[in-house]
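Quick notes on the structure that follows.
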Amino acid sequence: PFRTCSFFLSLLNYKTEKYVIAENRKIGILFRLYQLAVLGYIIGWVFVAKKGYQEKEEAIQTSVFTKLKGVALTNDSNKGLHLWGAEDYVIPPNGEQVFFVVTNYIETPNQRLGFCPESDRVPDGRCTSDDDCEEGETVIAGNGIKTGVCINSTGTCEVHAWCPVEYSPRPQEPLLSAAENFTVYIKNFIRFPNFNFFRSNVLETAEANYLKNCTYDSETHPYCPIFHLGNLVSWTGSDFQEMAVKGGSVGILIEWKCDLDKDYSLCNPQYSFTRLDININNSVTSGYNFRYAKHFKDPKGESFRTLYKVYGIRFDIMVNGQAGKFSIVPTIIALGSGIALLGAVSKGAFACDMILLYMMNTSSFYRERKFEIINFNITAKMPVALSNLQKHFIQAI
């Protein structure tokens with residue numbers, strides 16, 4: 001009970017600082033180094049590296065236009081010689097922040113609505129008897145509706161679909177291998193609304209033929225917005241011809257870091273490139289493909305179509321950025337927090353106190369000098385005791 005009472009009474013004690021000068025050069029050097037580190041953090045990191053004196057804006061407004069150029073000649077058993085232009089191999093052809101370039105394809109020409117066997121590559125379309133082909137049932141991941149008939153010659157159900165169904169295997173070499181030399185023109189406009197700042201990634205030059213003669217190079221032409229597709233893929237660490245067989249996805253990152261306290265011409269984009277799909281050989285998750293069809297009518301007015309399963313490279317253009325400009329408010333906040341931190345360090349370094357209190361031979365001596373307990377009850381009784389002692393001493397004389 002006595003200890004519990006003492007504990008609660010100690011909560012009512014008042015503690016005040018007492019400064020003790022420890023004449024120890026090693027501890028003194030450690031303390032000054034600690035102060036210099038904090039000062040270096042405030043000046044070097046907060047003000048120089050992070051520009052704590054600036055108002056920042058990351059709400060970038062952006063617009064991207066793309067235009068592809070290049071032609072390729074293919075020769076396959078269905079079409080024979082065929083010349084591909086940008087309007088054929090670019091989807092969508094008008095160009096956006098995401099565009100797809102065809103590099104390989106499977107063509108199934110002259111499909112007409114009718115009855116035909118399902119592909120044996122579709123598990124749900126395989127059968128051994130008519131009981132496996134329930135009439136009216138849709139073939140899962142297949143091409144049509146089951147008719148209730150199992151075709152023994154193919155081991156698949158008969159379906160009502162666009163016939164014949166897709167049957168050709170994927171070419172092992174890209175049919176549009178020449179796409180490696182195609183070029184894409186990426187025009188990017190940005191705006192930071194708070195600062196009313198506009199910028200474009202196209203070099204401002206009076207030379208009329210500049211864009212007709214340049215291609216992007218990080219050293220010789222860093223501000224030319226025209227890129228070879230082969231280079232875009234190689235900068236991700238991948239090989240274009242290998243990716244072109246099954247397709248893939250490439251990310252083009254345009255990053256704007258603008259210090260508006262400097263000349264606006266120094267605000268220029270930084271490009272980086274990465275492969276976004278999982279690059280694992282023979283992985284079912286790698287690659288990129290989809291199907292589309294072109295519909296026609298014959299002289300009799302009957303509809304038919306050509307089905308394409310296209311493989312290619314999807315390019316995703318991502319834009320982000322940050323602008324900063326001097327402002328008095330963040331400057332005062334950064335200065336205030338820095339001064340407060342420096343003041344806290346100046347009053348005493350925790351690490352130095354721990355060393356003096358617990359890690360040195362003279363720890364007990366330092367502890368006695370640093371912490372002093374003043375008992376006001378004893379202090380109040382001391383004058384009375386001294387007065388009584390003085391009276392006894394006078395009487396004795």
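Checked against a 6.0 Å centroid threshold, the rings of F290 and F100 count as neighbours. Note: H228 and W235 fail the aromatic proximity criterion, with ring centroids not under 6.0 Å apart.
A heavy-atom distance below 4.5 Å is found between the side chains of W256 and C267. Under the 4.5 Å side-chain criterion, counting only non-hydrogen atoms from C-beta, Y216 is not in contact with P225. Side chains of F192 and N194 form no contact here, defined as non-hydrogen atoms less than 4.5 Å apart. A heavy-atom distance below 4.5 Å is not found between the side chains of L253 and T274. Between I145 and V139 there is no side-chain heavy-atom pair separated by less than 4.5 Å. Counting only heavy atoms from C-beta outward, the side chains of V310 and R291 never approach each other to under 4.5 Å. Proximity of L276 to V250: side-chain heavy atoms (C-beta onward) are nowhere separated by under 4.5 Å. In this structure the side chain of F240 reaches within 4.5 angstrom of the side chain of T103, judged on heavy atoms.
Rounding to the nearest 0.5 angstrom, the gap separating the CZ atom in R305 from the NZ atom in K297 is 14.0 Å. For the atom pair CZ (F189) and OG (S63), the distance works out to 7.0 Å, reported to the nearest 0.5 Å. Annotation: the span from T183 atom OG1 to K67 atom NZ amounts to 10.0 Å, rounded to 0.5 Å. Between the NZ atom of K262 and the OG atom of S265 there is a distance of 11.0 Å, given to the nearest 0.5 Å. The distance from the CD atom of E118 to the OG1 atom of T154 is 9.5 Å, given to the nearest 0.5 Å. Here L232 contributes atom CG and E180 contributes atom CD; the two are 11.0 Å apart, rounded to the nearest 0.5 Å.
In this structure, the side chain of T236 does not engage the main chain of R275 through any donor-acceptor pair within 3.5 Å. Although no hydrogens or angles enter the test, the distance criterion places no donor-acceptor pair under 3.5 Å between the side chain of N209 and the main chain of K212. Between the N201 side chain and the I186 main chain, a donor and an acceptor come within less than 3.5 Å of each other. Proximity of a side-chain donor or acceptor of T331 to a complementary backbone N or O of S327 within less than 3.5 Å is detected. D132 places no side-chain N or O within 3.5 Å of a backbone atom of C127 that could act as its donor or acceptor partner. Between the side chain of T220 and the main chain of D217, no donor-acceptor pair closer than 3.5 Å is present. For D130 (side chain) and C150 (main-chain N/O), a donor-acceptor pair under 3.5 Å exists by modelled atom type.
Every residue meeting the ring pair (Phe, Tyr, Trp, His ring centres under 6.0 Å) condition with F182, not counting sequence neighbours, appears here in chain and number order: Y89. Residues meeting the salt bridge (Lys or Arg N to Asp or Glu O under 4.0 Å) test with D131, sequence neighbours left out: none.
When all heavy atoms are compared, the tightest approach of Q61 to P193 is NE2-CG, 3.7 Å. Residues F198 and R191 approach most closely at CE2-CD, 3.1 Å, considering heavy atoms. A pairwise comparison of heavy atoms in F99 and P92 identifies CA-CD, 4.3 Å as the closest pair. The shortest heavy-atom contact between P117 and I151 is CB-CD1, 3.6 Å. Shortest non-hydrogen contact noted between C116 and P164 is SG-CA, 4.5 Å. When every heavy atom of Q241 is checked against every heavy atom of P174, the shortest pair comes out as OE1-CG, 3.4 Å.
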Go through the steps to decide whether T62 and N188 satisfy the test side chain to side chain contact (heavy atoms under 4.5 Å, CB included), and finish with yes or no. CA-CA 7 Å; T62 179; N188 178 214; 2.9 Å; yes
Go through the steps for F115 and T147 under the test side chain to side chain contact (heavy atoms under 4.5 Å, CB included), then give the verdict. CA-CA 8 Å; F115 300 92; T147 63; 3.6 Å; yes
Walk me through it: do Y271 and F227 pass the test ring-ring contact (aromatic ring centres under 6.0 Å, His included)? CA-CA 11 Å; Y271 299 94; F227 303 83; 5.2 Å; yes
Step by step, work out the side-chain hydrogen bond (donor to acceptor under 3.5 Å, both in side chains) result for D259 and Q54. CA-CA 9 Å; D259 187 348; Q54 289 185 333; 2.7 Å; yes
Determine, step by step, whether L68 and V101 satisfy the side chain to side chain contact (heavy atoms under 4.5 Å, CB included) criterion, reporting the C-alpha distance in whole Å, the side-chain angles of both residues, the deciding distance to 0.1 Å, and the verdict. CA-CA 9 Å; L68 278 91; V101 178; 3.6 Å; yes
Are D261 and K325 close enough, and set up right, to give a side chain to side chain contact (heavy atoms under 4.5 Å, CB included), and what steps lead you there? CA-CA 6 Å; D261 293 325; K325 192 174 184 179; 3.6 Å; yes
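The number of heavy-atom neighbours closer than 6.0 Å to CD1 of I328, taken from other residues, nucleotides and ligands shown, is above 12. Within a 6.0 Å sphere centred on CD of E207, heavy atoms belonging to other residues, nucleotides or ligands number more than 12. Few gaps surround CD on E255; more than 12 heavy atoms of other groups in view lie less than 6.0 Å from it. Counting heavy-atom neighbours within 6.0 Å of F47 CZ, excluding the residue itself, gives a total above 12.
Salt-bridge annotation for D316 and R314: present, with a side-chain N of the basic residue lying under 4.0 Å from a carboxylate O of the acidic one. Residues E302 and R112 are paired through a salt bridge, judged by an N-O separation under 4.0 Å between the basic side chain and the carboxylate. With respect to D124 and K146, a salt bridge is recorded, a charged nitrogen being found less than 4.0 Å from a carboxylate O.
No side-chain N or O of E173 forms a donor-acceptor pair with one of N104 less than 3.5 Å apart. With 3.5 Å as the limit, one finds no donor-acceptor pair spanning the side chains of K294 and T306. Using modelled atom types and a 3.5 Å distance limit, the side chains of R199 and N268 yield a donor-acceptor pair. Looking at N143 and E166, their side chains never bring a donor and an acceptor atom within 3.5 Å of each other. With hydrogens and angles left out, the side-chain atoms of Q322 and E57 include no donor and acceptor closer than 3.5 Å.
Each of M243 and V245 belongs to its own hydrophobic cluster when Ile, Leu, Val, Met, Phe, Trp and Tyr are linked at side-chain heavy-atom distances under 4.5 angstrom. Residues I313 and Y292 fall within the same hydrophobic cluster, defined by Ile, Leu, Val, Met, Phe, Trp and Tyr side chains chained together at heavy-atom separations under 4.5 Å. Side-chain heavy atoms closer than 4.5 Å link hydrophobic residues (I, L, V, M, F, W, Y) into clusters, and following such links, even through other members, never connects L266 to Y264. No chain of hydrophobic side-chain contacts below 4.5 Å, direct or via other Ile, Leu, Val, Met, Phe, Trp or Tyr residues, connects W84 to I106. Under the 4.5 Å side-chain contact rule for hydrophobic residues, W45 and V38 share a cluster.
Residues Y185, V202, L203, Y210, Y223, I226 make up the rest of the hydrophobic cluster containing L211, defined by ILVMFWY side-chain heavy atoms closer than 4.5 Å, directly or through other members.
In this structure, R170 satisfies the cation-pi test against Y311, with its NZ or CZ atom closer than 6.0 Å to the six-membered ring centre and inside 45 degrees of the ring normal.
Paired with F315 under the rule side chain to side chain contact (heavy atoms under 4.5 Å, CB included), one option of V184, T66, V98, L229 passes, and it is L229.
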